[in-house]
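The figures here come from the full heavy-atom set of this structure, side chains too, leaving out hydrogens, waters and symmetry mates.
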Amino acid sequence: MEINLISDTVTKPSPDMLKAMFTAKVGDDVFKQDPTVNEFERLVADLFGKEAALFFPTGTMANQTAIKLNTNPGDQIICDKWSHIHLYESGGASANSGVNFNLLDGTRGMITAEQVRSGINDPEFYHTPLSKMVSIENTTNKGGGACYDLEELKKIKEVCTEHNLKYHLDGARLWNAVVAKRQHPKQFGELFDTISVCFSKGLGAPIGSVLISDKETIHRAMRIRKIFGGNLRQSGYLAAAGIFALKHNVNRLVDDHRRAKELADVLSGLPWVERVEAPETNILIFEVRKSLDEKTVIEKLKSKKILISSMGQGKLRMVTHLDYKQVHHEYVLEHLGKVIF
C-alpha cells in the first residue's frame, strides 16, 4: 500500500460518484444540448451569484481563456511571482495571448492592494506595456495553501476599478479557502470579473474546471474554448462528477485541513526538518536541513510507502485529499518519526 501525498489531483472517483456519472443524462454540449452540463454550469454560476459559467476540461484552459478574454497582445498582467498562470502553464499567456507579467514579490504567493497600485504602468507612457489585468490565486499553491484575507481582496478590487483593470481569480483550490475561512462563493463573485474553479483537486472529480462571469463574457469564452480545442460532446458524464462533488465533497475538506495541521505538528519536532510552513488548508510545505538532499528525503519516505513531491530549493510538499483516509494518516504520523538520516 502506497500513500500518495504528492497532490490532491491523485484521487479517483468514488463508487457513488461513478454511479452518478454512468447514469447522467447527456447530449451534445457543442450545441449546448447536454442537460447535465447545462445544469452544472447554472449551479456553479448561481453559487457565485454570477450570470453564467462554462465547463472546461482543465483549469489551465479556463485560466488561459480568462487571460485572452481580459487582455490584448502586448498587455501586462499583474500577479504574484509564484502565480500558477506564470510558473505552471507552460508559457501559455505568452503563446496564446501575447502578454507579459509584472511579477510582484508577495507573501506566500499573496499580494496587497498597495503592491498592485505601485505595479500599474502609466497608460500614457507608451514605452511600457498597458496594465490590463490583475490575477489572484486563492489558495496559493506554491505558497502552501495560504488563503487571502477577504478585506485585502476588496481593497485590490478598488484599485482595479480605479484604474480600469480586469480582476481574475484563479480559484483552483478556492473551495479550500471557502471552507477554511468560513466564506461563501458569492463573496468572491461580487469582486471578480472572471473566476476559474477546479473540481479535480480537493473535490475529487476526475476532470474539469468551470469559468464564471457575466453572460456576454461567457458567450465570448465559448469561442476561445473552441479555438483552444476544449469543446467536448457528451461531457455530461464529466459534469455529473462535478455536481456530485459539489453536493458531497465540500464540507469534508475540513478533514484534509486538520490532517495537514497534524502532519505539520509532527514534522516540526523532527531533527531533519529545518522549517515547516504553517498550513491553513491542505497543502503542507516544509524545508529539510541544509546538509540533506531533498531527493534523499523523498526516497527515504518512498521506502516507507509515503510519496511526497519537491518544490525545489530544499522545499518538500505534502497534500492531503479525500483518498487520504484516517488509517493512512495514522500510518504516516507514526512512520515520520521513524525516519532517521
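- We find the CG-CZ distance between N231 and R223 to be 11.0 Å, quoted to the nearest 0.5 Å.
- A distance of 11.5 Å separates NE2 in H321 from CE in M318, rounded to the nearest 0.5 Å.
- In this structure a side-chain-to-backbone donor-acceptor pair under 3.5 Å is present from E137 to H84.
- Residue-environment remark: CG (N251) stays at or below the threshold of 12 foreign heavy atoms within 6.0 Å.
- Of the candidates V134, L165, N102, L165 is the only one forming a side-chain contact (heavy atoms from CB on, under 4.5 Å) with I120.
- For the residue pair G143 and I285, the shortest heavy atom distance occurs at C-CD1, 4.4 Å.
- Taking the six-membered ring for Trp, H168 and F192 have ring centres at least 6.0 Å apart.
- Ion pairing between R233 and D28 holds under the 4.0 Å rule for side-chain N and carboxylate O.
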Worksheet entry | Worked check of side-chain contact (heavy atoms from CB on, under 4.5 Å) between I67 and M133 | CA-CA 8 Å; I67 291 170; M133 170 178 159; 3.9 Å; yes
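- Here CG of D34 is found 8.5 Å from OH of Y237. Values are rounded to the nearest 0.5 Å.
- Separation of atoms CG (L211) and NZ (K50) is listed at 10.5 Å; rounding is to 0.5 Å.
- For D75, the side chain to side chain contact (heavy atoms under 4.5 Å, CB included) partners two or more places apart in sequence, or in a different chain, are T71, N72, V99, L130, K132.
- R317 contributes a side-chain N or O that, together with a main-chain N or O of I6, makes up a donor-acceptor pair within less than 3.5 Å.
- Among residues two or more places apart in sequence or in another chain, the side chain to side chain contact (heavy atoms under 4.5 Å, CB included) test is passed with N121 by Q76, T128, P129, S131.
- Evaluation of the side-chain hydrogen bond (donor to acceptor under 3.5 Å, both in side chains) rule for Q234 yields no partner, not counting sequence neighbours.
- Put simply, the side chain of K305 never gets that close to the backbone of I3: no donor and acceptor are under 3.5 Å apart.
- Looking at S97, its side chain never comes within 3.5 Å of a backbone N or O of S94 through a donor-acceptor pair.
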Item to complete: Evaluate the criterion salt bridge (charged side-chain N to carboxylate O under 4.0 Å, His left out) for residue pair D29 and R225; output intermediate values, then yes/no.
Response: CA-CA 12 Å; D29 184 50; R225 186 182 69 172; 3.7 Å; yes
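- Checked for salt-bridge contact, E216 and R220 meet the test: a charged N lies under 4.0 Å from a carboxylate O.
- Between K154 and E152 there is no salt bridge, since no side-chain N of the basic residue sits under 4.0 Å from a carboxylate O of the acidic one.
- No chain of hydrophobic side-chain contacts below 4.5 Å, direct or via other Ile, Leu, Val, Met, Phe, Trp or Tyr residues, connects M222 to V30.
- No donor-acceptor pair closer than 3.5 Å links the side chain of D193 to the backbone N or O of K166.
- A salt bridge does not link E51 with K215: none of the charged nitrogens is closer than 4.0 Å to a carboxylate oxygen.
- Looking at every heavy atom in both residues, E280 comes nearest to A180 through O-CB, 3.9 Å.
- Counted by atom type alone, D256 and T281 present zero donor-acceptor pairs between their side chains at under 3.5 Å.
- Expressed to the nearest 0.5 Å, how far CH2 of W272 lies from CZ of R289 amounts to 10.0 Å.
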Worksheet item: Can you list the steps and then say if R117 with T112 is a side-chain contact (heavy atoms from CB on, under 4.5 Å)?
Response: CA-CA 9 Å; R117 186 183 298 278; T112 66; over 6 Å; no
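- Under the 3.5 Å distance criterion, the side-chain polar atoms of N38 are matched with a main-chain donor or acceptor of K32.
- You'll find the side chain of E262 stays beyond 4.5 Å of the side chain of V266, heavy atoms only.
- One hydrophobic cluster, built from ILVMFWY side chains closer than 4.5 Å, holds both L169 and I78.
- Taking 4.0 Å as the cut-off between side-chain N and carboxylate O, R173 and D8 count as a salt-bridged pair.
- The shortest side-chain heavy-atom distance between L54 and E41 falls under the 4.5 Å cut-off.
- Hydrophobic clustering (side-chain heavy atoms under 4.5 Å, transitive across Ile, Leu, Val, Met, Phe, Trp, Tyr) groups I298 together with Y324.
- To the nearest 0.5 Å, atom CG of residue D170 and atom CG of residue N63 are 4.0 Å apart.
- The 12-atom threshold is not exceeded at NE2 of H219, counting heavy atoms of other residues, nucleotides or ligands nearer than 6.0 Å.
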Worksheet entry | N176/H257 under side-chain hydrogen bond (donor to acceptor under 3.5 Å, both in side chains): CA gap, chis, key distance, verdict | CA-CA 8 Å; N176 294 88; H257 301 169; 3.0 Å; yes
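- Within the structure, every pair that satisfies the ring-ring contact (aromatic ring centres under 6.0 Å, His included) test and touches residues 26-49, not counting sequence neighbours, is listed here: F40-F55, F40-F199, F48-W175.
- If you run side chain to side chain donor-acceptor pair (under 3.5 Å) between R259 and each of Q326, E330, H329, only Q326 comes through.
- Ion pairing between a basic and an acidic side chain is recognised when a charged N comes within 4.0 Å of a carboxylate O; R252 and D323 show no such pairing.
- By the salt bridge (Lys or Arg N to Asp or Glu O under 4.0 Å) test, E2 is found to be paired with no residue, residues two or more places apart in sequence or in another chain being considered.
- With hydrogens and angles ignored, the 3.5 Å screen pairs a side-chain donor or acceptor of T36 with a backbone N or O of K25.
- Remark: A177 pairs with N138, T139, C147, L174 by the side chain to side chain contact (heavy atoms under 4.5 Å, CB included) rule, at least two apart or across chains.
- At distances below 3.5 Å, at least one donor-acceptor pair connects side-chain atoms of K157 with backbone N or O atoms of L191.
- Hydrophobic clustering (ILVMFWY, side-chain heavy atoms < 4.5 Å, transitive): I308 and F341 are in one cluster.
- Between E299 and K304 no salt bridge is recorded (no basic side-chain N to carboxylate O distance below 4.0 Å).
- No chain of hydrophobic side-chain contacts below 4.5 Å, direct or via other Ile, Leu, Val, Met, Phe, Trp or Tyr residues, connects V26 to L238.
- In terms of modelled atom types and a separation under 3.5 Å, the side chain of S118 and the main chain of E114 share a donor-acceptor contact.
- Annotation: side chain of K315 is not in contact with side chain of K142 (no heavy-atom distance under 4.5 Å).
- With L301 as the partner, the side-chain contact (heavy atoms from CB on, under 4.5 Å) test is satisfied by one option alone out of I306, L307, L316: I306.
- Side-chain contact between L284 and E277: absent, with no pair of heavy atoms (C-beta onward) separated by less than 4.5 Å.
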Discussion item. Checking I136 against I111 for the side-chain contact (heavy atoms from CB on, under 4.5 Å) test, could you report, in this order, the C-alpha distance in whole Å, the side-chain angles of both residues, the deciding distance, and whether it holds?
Written reply: CA-CA 8 Å; I136 298 296; I111 55 179; 3.9 Å; yes
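- Residues I77 and N70 fail the side-chain proximity criterion, which asks for heavy atoms closer than 4.5 Å.
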Fill in: Pair D80-L103, side-chain contact (heavy atoms from CB on, under 4.5 Å): steps then yes or no
CA-CA 5 Å; D80 184 85; L103 301 173; over 6 Å; no
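- Formation of a donor-acceptor pair under 3.5 Å by the S83 side chain with backbone atoms of H86 is not found in this model.
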